[in-house]
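Structure, as structure tokens:
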Amino acid sequence: PSRPSGMVSERSSRYSSVFYSIPFNRTEVESEEKVHKRIASKGAVFFLSNVVTKAFGFLFMVITGRLLGPSNFGLLSLGMAVLSLVQKIGAFGLPNTIQRFLSGRATPEKDSRYGAILIIGGGLALIGGLVMFIMAPYVANEVFKKTSLVSPLKVLAAAATVGVLY
């Protein structure tokens with residue numbers, strides 16, 4: 001097949017046989033340099049968004065710690081730790097499954113699998129949230145010995161349910 005002018009010859013790049021076999025939804029094939037620039041720019045945006053998210057999370061914790069005081073901030077931290085644990089258990093590895101097996105081009109088969117995974121994930125999230133809601137008094141009173149933690153754990157149970165699906 002003919003390539004657009006300015007393209008790297010197949011012999012000059014060890015990746016060219018793989019690169020030219022990738023089907024694009026474009027009328028002409030992009031050069032490797034353009035593909036690398038596009039990947040680098042999207043990677044930089046992803047990296048910067050992660051840095052900004054972590055910075056806002058840090059600021060949130062500092063401001064919340066100042067506003068709540070040590071004892072209430074400790075309760076919030078305990079609640080967030082329990083929430084994180086319930087989310088990880090409730091997700092049951094589904095985000096990694098989606099990323100590993102369903103990445104790439106969309107097909108009807110992948111769409112049906114994705115729908116099934118969302119239904120299973122939603123069910124597991126609901127079960128995890130309900131278990132956390134029901135067990136909130138026990139966890140607060142018996143595990144942490146803090147009766148004031150019951151209400152925050154119940155509120156975080158709803159957040160865990162939504163957080164798993166996010």
Side-chain angles (χ1 to χ4, degrees), residues 15 18 21-26 35-166:
Y15 302 109
V18 173
S21 66
I22 297 173
F24 287 101
N25 289 334
R26 299 183 180 103
V35 171
H36 290 165
K37 283 182 182 178
R38 187 166 37 94
I39 290 171
S41 67
K42 291 185 187 257
V45 168
F46 180 74
F47 174 75
L48 289 175
S49 68
N50 277 337
V51 168
V52 169
T53 301
K54 299 294 182 189
F56 278 122
F58 176 75
L59 288 174
F60 171 77
M61 296 305 271
V62 169
I63 292 169
T64 306
R66 298 261 181 190
L67 293 175
L68 292 179
S71 63
N72 289 332
F73 184 74
L75 291 177
L76 175 69
S77 296
L78 279 174
M80 295 300 282
V82 171
L83 170 70
S84 177
L85 179 68
V86 169
Q87 282 182 333
K88 297 293 184 205
I89 292 171
F92 205 63
L94 291 176
N96 293 337
T97 302
I98 291 171
Q99 183 179 2
R100 183 172 181 183
F101 294 111
L102 299 181
S103 60
R105 292 185 171 221
T107 63
E109 182 182 333
K110 283 185 180 180
D111 289 345
S112 66
R113 286 183 185 172
Y114 189 70
I117 287 174
L118 283 178
I119 290 170
I120 292 168
L124 290 173
L126 187 60
I127 291 170
L130 285 173
V131 167
M132 183 176 173
F133 188 84
I134 292 168
M135 296 296 292
Y138 175 79
V139 170
N141 295 325
E142 300 299 322
V143 176
F144 295 117
K145 309 280 192 248
K146 299 278 185 184
T147 57
S148 57
L149 193 60
V150 174
S151 295
L153 284 178
K154 287 185 175 184
V155 170
L156 291 173
T161 305
V162 174
V164 168
L165 292 177
Y166 175 70

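Just so it is clear, the structure is predicted and the values come from calculations on it, not from any experiment.
Leu75 places none of its side-chain heavy atoms less than 4.5 Å from the side chain of Pro152. Under the 4.5 Å side-chain criterion, counting only non-hydrogen atoms from C-beta, Phe73 is in contact with Met61. A heavy-atom distance below 4.5 Å is not found between the side chains of Glu142 and Pro137. Side-chain contact between Asn72 and Leu76: absent, with no pair of heavy atoms (C-beta onward) separated by less than 4.5 Å.
For the atom pair Lys154 NZ and Ile134 CD1, the distance stands at 9.5 Å (nearest 0.5 Å). Note that the OG1 atom of Thr53 and the CG atom of Leu48 stand 10.5 Å from one another [nearest 0.5 Å].
A distance-only check finds a donor-acceptor pair linking the side chain of Ser49 to the backbone of Phe46 [under 3.5 Å].
When all heavy atoms of Met132 and Ala157 are compared, the pair lying nearest together is SD-CA, 3.7 Å. Leu156 and Met80 get closest at one heavy-atom pair: CD1-N, 4.0 Å. The nearest pair of heavy atoms linking Gly79 to Leu153 is CA-CD2, 4.1 Å.
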